[in-house]
Engineer: 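Pasting a structure here, questions to come.
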Amino acid sequence: MDLDTITAVLRPPSLDELPPWQDGDAWLAGGTWLFSEPQPGLTRLIDLSTLALPATEVSEAGLWLSATGTIAELDRLALPNDWIAAPLVGQCCRALLGSFKIWNRASVGGNLCMALPAGPMIALTAALDGLCRLRRPDGMARRLPVTDFVLGVQRTALAPGEILLGIDVPAAALKRRTAFRRIALSPEGRSGALLIGTRDRAGDFALTITAATPRPVRLAFATVPAAPDLQAALAAATETDGWYDDVHGAPDWRRHVSGLLAEEIREELAR
Amino acid sequence: MRLTVNGQVQDAAPHAGQCLRTLLRDLGWFGVKKGCDAGDCGACTVHLDGEPVHSCLLPAFQAEGHSVITIEGLAAPCAPGDGVPDGLHPMQAAFCAAQGFQCGFCTPGMVMTAAALDQGQRQDLGTALKGNLCRCTGYRAIRDAVAGIAHAQAEGRPVGRSLPAPASRAVVSGRAAYTFDAAVPGLLHLKVLRAPHAHARIRHIDRTGAMAVPGVVAVFTHEDAPRHRFSTGRHENPGDDAADTMVFDPVIRCHGQRVAAVVAESEAAALAGVRALRVEYEIRPAVFDPDAALRPDAPLVHDPADREPPRPGEDAPPLLPHPNLAAEAHGAIGDVEAGFAEADRIHEAEYVSQRVQHVHLETHGALGWLDPDGRLTLRASTQVPFLTRDALARLFDLDRDRVRVLAGRVGGGFGGKQEMLTEDLVALAVLRTGRPVKYEMSREENFSAATTRHPMRVWVKLGAKADGRLTALSLRVISNTGAYGNHAGGVLHHGCNESIAAYACPNKRVEGYAVYTHTLPAGAFRGYGLSQTIFAIESALDELARDLSIDPFAMRRRNAVRPGDPMISTSLEPHDVLYGSYGLDQCLDLVEAALADGGGEPAPGPDWRVGQGMALAMIDTIPPRGHFAHARIRLEPDGTYALFVGTAEFGNGTSTVHAQLAAEVLGTVPERIRLIQADTDAVPHDTGAYGSTGTVVAGQANVRAATALADKICVAAAERTGTRPAACRLTRDGVETPSGVMPLADLARDAVFEAAGAADGSPRSVAFNVQGFRVAVQPETGLVRILRSVQAADAGFVINPMQCRGQIEGGVAQALGAALYEDVRLDAEGRVVTRTLRNYHIPAMADVPVTEVLFADTHDTVGPLGAKSMSEAPYNPVAPALGNAIRDATGVRLTATPFAPDRIFHTLTAVPEKASA
């Protein structure tokens, strides 16, 4: 929709020439969220597309996901054969509420910065030990695990004027076995619970819970836990923040189905 | 900046925060629709450098230097004002051939998306098209279009065949003009400030800030508006609804009520003006629950201390003196207590139907201007142009002939546009400014400030003998009409009528209350009260049948009315409903046989439980108390016909049917009938297309007009040839007389041939629908999968089978939305929470199973050429049939819709594991 309070769009040519951050500024990547709701508090858009942030790249170290790379580009990415976690990419793209048309514009970084519980790029990068690379307004860099970047519902660790440049996903994480489960109130609806399990060669098992919880929850074990242990860990990890409550699923249902899906993942990865 | 649109290089100067959708419309590309303006519905889909994108989400400046293709240019380069192209893109042609649309408002986006799919995506359309919402079709016809399956027939008799809609090519090429698809020079834009409280009195509105905004032309508040009260609900008899609403009211009775309007040179200026208004409120206690509203000490929604209370509507006036009662319905026949005493089994329970929204893809709105004569003219998104004209004339003290209301093609209605929700504001602004004014609701406004279905709690008690024969039936209905009483009485009355008149039971009692609360007003909605009461009654009947170990089909056969039985709800007063035809027996047989034939999907896995269920619905083919239509038809100089009718086209398909009916009577082909419709200048009066009357009332008027014209033409032809009129016969473009063919164009050369017809909507007949489902339920997650869906309909003689099938499929899909997902949620302050399509989930393609549609073979003695209405009816039996199937699968009765997985999970876990009955 038209954002009628916007008076200027700034298109800085490089990171070194960013305008001083003001109240009412917003970073513009794909715009698929920004333009989907009234934004009466905004007056300026700062377009990231002209900045040429470091492009998505596959290397021996792992996967660098450019914040401004689109979901469509991510879905098309050819990954090395030994990155057996690769199917997660497509599964998470398909978990986006928006269709492939949205993928054409929506950015990976935007999905993280939105910090919606159901953001599937959050699930993907949190499950694969993603590390956010941020640039502070003073030009200094800092790094944060995805699980520390997303703090709550539509709340992130970004300071005013700070930019998410991208996410590093280590190759080691991409070489893990994975299991993906998702449930929603309708077949293609917004995720009510999205769980990802990973297991590496050494036997380490991790379970990431998103959508069902206000922020991503990650449980790590040195080996595949017994069923009751996993459920107990799940209960303990969600004790403080609880289960997410909105029109896309009642909290007790999310808790219940998360327990079921966690157990399915445990069984699959125990094999 | 410069961009290329449909091969045209165009210069544009977008505003900083403008999206591509509005820029394209500014450039004249009206095929780019606004369904949600938020990226959810896909109606604005265009191709940007060949890739499909939602143009409402794309910053306009990012299109600089790029190539955009809209629906208009999909087939070939074109200019903004061009007409329907000669050649269609293959996908456009496929949507014509399959008639993959009804109102057609989603069609441009649907076609643009479908045209961009690769082979792989076409294999999984549910995923590929999850970003495109259609509210009318139920998606089967869209699936067929993408698959290249054709349904439209060309040659042969005009009626009884699947002719395509006359506007097909215009719809699929984006050239059909909807309400706002017109460039109006000097247009002003109107935006509304809406109340942030559920109950308050406006102390003061400071408009100085708003007036200081550059571009703001006027501000309107309760100080500027007419003091007359009216009802937004429109009926033939305006007295049916309580006159309790004002253009602006100093008392706020629900969150989202209008406070003020700002009119400005641009939408942005109008919005800035709205933000600059300062309002002081005196906040009052509010009541949201109808039961609480009926307590003696409840806050009053229409407080006599504020003003003289509204006189109740005449349809079902309240008997009790509680000021929060909007309407009541009471009645009884026989001796209900004796009937229950005589029963071997009794079932009683409360069934709850939630608040749901119509979600027509075109939001409410109107464009208005003064014509060169100074006459107030409105182009509105309405189902009732004539009743709106009458209401505006009364409200502004104008003669009726000083107001003209017309409709372009309307993007869906479902009852929601049997209300005047925007036209009064536009009229006020036009009359005060003298300039053209547009008010188009946002999707958010449409969710938070337009009408909904009446939420209802229905307590039902049924008693039956061991053989299944009903001995007594009792209903207690609490309907929440919200802050205003539009349709409160009508919906209550109607809901308590056919739902129980469908059963021959000697003892019946109804007690119904429509209650004012401080919530957004409910209004007319497909089914008009029946979907809520039928959910209760058909669920209860299922329980009773189970208790008696009687098959649900047998239970209906034992109790449903059949010709000869009087159709009685709770009054023995004579009425004008008769069995013009009766196909319920066939419908029951058809669905029973279909469910037994083993077809459908298998259960997804061993942990799913399978069950089946059915329900029936009866509906009068026409609303009571008079429904009028006029038609006029004229032989044109070229030998074709011009047909004038009042009814609007909003996906109901009546335009097709009108052409078919006239062609049949005049012995010609539908292509030779030109329809002029939905314009108060076209005919003297038309009550409007509500209550499923497009075919059966306006169609009847049309048949009468066409019959009279045919007689006149034959008489004239006989005179000129010296033969007898009875020996003359109309053909495609001439009259066959015993002395040869006389071309119609020759006849028309030196005489005017015109005839009129009218219909008064009486007598009325009854139509029937039976829905059957087989479902699988996964108890652990609450997920429901529909394995088989079948609906049989008694629509009388089916004028257009493809179109009638589409109405039924669409009705089932919309009802599945209400049965499974949809719920307008309010927070503790009465504010609507579900304000976007991503938070109010209407069925997408992946949600809707194929419904097999079967027709009873009947011929109605009342309707035109044997036809009956079939547009609201298919909605009504769906929720109970689904609930009955889930009950069969799980052993648990769900008494409230929607049957969402989290609610099913709650119900299943609340009840200890029960063996499937």
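Below, chain A is the first sequence line, B the second, and so on; all start at residue 1.
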Engineer: Which atom pair, heavy atoms only, marks the closest approach of B/Ala128 to A/Ser99?
Structural biologist: O-CB, 4.4 Å
Engineer: In the structure I gave you, are the side-chain heavy atoms of A/Arg105 and B/His54 within less than 4.5 Å of one another anywhere?
Structural biologist: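 Side-chain contact under 4.5 Å: no.
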Engineer: I need the contact set between residues 33-41 of chain B and chain A: heavy-atom distance under 4.5 Å, sorted by residue number.
Structural biologist: B/Asp37, B/Ala38, B/Gly39
Engineer: What part of A/Ile102 gets closer than 4.5 Å to chain B, counting heavy atoms only: side chain, backbone, both or neither?
Structural biologist: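 The side chain, not the backbone.
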Engineer: Measuring heavy-atom distances to chain A, does B/Leu783 have an atom under 4.5 Å in its side chain, in its backbone, in both, or in neither?
Structural biologist: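 Contact with chain A involves the side chain of B/Leu783 alone.
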Engineer: Report yes if some heavy atom in the side chain of B/Phe905 is under 4.5 Å from a heavy atom in the side chain of A/Val257; otherwise report no.
Structural biologist: no
Engineer: Can A/Trp253 and B/Arg903 be said to form a side-chain contact (heavy atoms from CB on, under 4.5 Å), step by step?
Structural biologist: CA-CA 8 Å; A/Trp253 175 77; B/Arg903 288 156 162 261; over 6 Å; no
Engineer: Can you list everything that forms a ring pair (Phe, Tyr, Trp, His ring centres under 6.0 Å) with B/Tyr139? Sequence neighbours excluded, please.
Structural biologist: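 Partners of B/Tyr139 under the ring pair (Phe, Tyr, Trp, His ring centres under 6.0 Å) test: none.
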Engineer: I want to check something: taking the side chain as every heavy atom from C-beta on, are B/Asp847 and A/Glu188 in contact at a cut-off of under 4.5 Å?
Structural biologist: no
Engineer: Does any backbone or side-chain atom of B/Leu820 lie under 4.5 Å from a heavy atom of chain A? Answer side chain, backbone, both or neither.
Structural biologist: neither
Engineer: When rounded to the nearest 0.5 angstrom, what is the spacing between NE2 in B/His841 and CG in A/Leu97?
Structural biologist: 8.5 Å
Engineer: Less than 3.5 Å apart, any donor N or O on the side chain of A/Ser36 or B/Arg838 sitting next to an acceptor on the other?
Structural biologist: yes
Engineer: If I measure from the heavy atoms of chain A, does B/Thr781 come under 4.5 Å with its side chain, its backbone, both, or neither?
Structural biologist: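 Backbone plus side chain of B/Thr781, per the 4.5 Å heavy-atom cut-off to chain A.
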Engineer: Can you see which heavy atom on A/Gly98 is nearest to which on B/Lys130, and at what distance?
Structural biologist: O-CE, 3.3 Å
Engineer: With a 4.5 Å cut-off on side-chain heavy atoms, are B/His15 and A/Asp2 touching?
Structural biologist: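 No; the side chains remain at least 4.5 Å from each other.
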Engineer: I'd like to know whether CG of A/Asp23 has more than 12 heavy-atom contacts from other residues, nucleotides or ligands below 6.0 angstrom.
Structural biologist: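 Check fails, neighbour count at 12 or below.
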Engineer: Looking only at atom types and distance, does a side-chain atom of A/Asn104 sit under 3.5 Å from a main-chain N or O of B/Pro52, one as donor and one as acceptor?
Structural biologist: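 Answer holds: yes.
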Engineer: What part of B/Arg785 lies closer than 4.5 angstrom to a heavy atom of chain A: side chain, backbone, both or neither?
Structural biologist: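 Neither part.
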Engineer: Given heavy-atom pairs under 4.5 angstrom as the criterion, report whether the side chain, backbone, both or neither of B/Gln121 touches chain A.
Structural biologist: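 Answer is side chain: those atoms of B/Gln121 sit under 4.5 Å from chain A.
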Engineer: Under a 4.5 Å heavy-atom cut-off, does chain B meet the side chain of A/Leu96, its backbone, both or neither?
Structural biologist: backbone
Engineer: Is it the backbone or the side chain of B/Leu117 that comes under 4.5 Å from a heavy atom of chain A, or both, or neither?
Structural biologist: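 Side chain only.
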Engineer: Please look at A/Ala106 and chain B and tell me whether the side chain, the backbone, both or neither of the residue comes under 4.5 angstrom of a heavy atom of that chain.
Structural biologist: neither
Engineer: Starting at CZ of A/Phe100, measure out to OG1 of B/Thr113 and round the result to the nearest 0.5 Å.
Structural biologist: 6.0 Å
Engineer: For B/Pro59 and A/Phe35, which heavy atoms make the closest approach, and how far apart are they?
Structural biologist: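 The answer is CG-CE1, 3.7 Å.
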Engineer: Under 6.0 Å from the CD atom of A/Glu239, do we count more than 12 heavy atoms belonging to anything else shown?
Structural biologist: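 No, because the 6.0 Å sphere around CD of A/Glu239 holds 12 heavy atoms or fewer from other groups.
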Engineer: Are any non-hydrogen side-chain atoms of B/Gln18 and A/Leu3 less than 4.5 angstrom apart?
Structural biologist: no
Engineer: Could you go through the side-chain contact (heavy atoms from CB on, under 4.5 Å) check for B/Glu780 and A/His256 one step at a time?
Structural biologist: CA-CA 8 Å; B/Glu780 278 282 19; A/His256 178 76; 3.0 Å; yes
Engineer: Hey, does B/Thr22 have a side-chain heavy atom less than 4.5 Å from the side chain of A/Met1?
Structural biologist: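 The answer is no; the side chains never approach within 4.5 Å.
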Engineer: Flag the pair B/Asp902 / A/Arg254 as yes when at least one side-chain heavy-atom distance between them is below 4.5 Å, and no otherwise.
Structural biologist: no
Engineer: Taking side chain as everything from C-beta outward and backbone as N, CA, C, O, which of these in A/Ala250 sits under 4.5 Å from a heavy atom of chain B? Side chain, backbone, both or neither.
Structural biologist: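 Contact with chain B: backbone and side chain both.
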Engineer: Please classify the contact between A/Asp252 and chain B as side chain, backbone, both or neither, with a heavy-atom cut-off of under 4.5 Å.
Structural biologist: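 Both parts, heavy atoms under 4.5 Å.
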Engineer: Got a sec, which residues hit salt bridge (charged side-chain N to carboxylate O under 4.0 Å, His left out) with B/Glu64, two or more places apart in sequence or on another chain?
Structural biologist: none
Engineer: Measuring heavy-atom distances to chain A, does B/Ala846 have an atom under 4.5 Å in its side chain, in its backbone, in both, or in neither?
Structural biologist: both
Engineer: Can you tell me which of B/Glu267, B/Glu444, B/Arg21, B/Arg825 forms the most heavy-atom pairs within a distance under 4.5 Å of chain A?
Structural biologist: B/Arg825
Engineer: What part of B/Thr45 is in contact with chain A, defined as an atom under 4.5 angstrom from a non-hydrogen atom: side chain, backbone, both or neither?
Structural biologist: side chain
Engineer: With a cut-off of 6.0 Å (strictly less than), are more than 12 heavy atoms of other residues, nucleotides or ligands near CD of B/Glu601?
Structural biologist: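 Not more than 12 within 6.0 Å, no.
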Engineer: Is it the side chain or the backbone of A/Thr32 that comes within 4.5 Å of chain B heavy atoms, both, or neither?
Structural biologist: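 Interface part for A/Thr32: both.
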Engineer: Suppose we screen for side-chain contact (heavy atoms from CB on, under 4.5 Å). Which residues come up paired with A/Ala26, at least two apart in sequence or across chains?
Structural biologist: A/Leu34, A/Leu42, A/Leu45
Engineer: Salt bridge check, A/Asp4 against B/Arg275: does any charged N sit closer than 4.0 Å to a carboxylate O?
Structural biologist: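 Yes.
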Engineer: Sort A/Arg44 into side chain, backbone, both or neither according to what part of it lies under 4.5 angstrom from a heavy atom of chain B.
Structural biologist: neither
Engineer: Decide yes or no for A/Val247 and B/Tyr821: does some side-chain heavy atom of the first lie under 4.5 Å from some side-chain heavy atom of the second?
Structural biologist: no
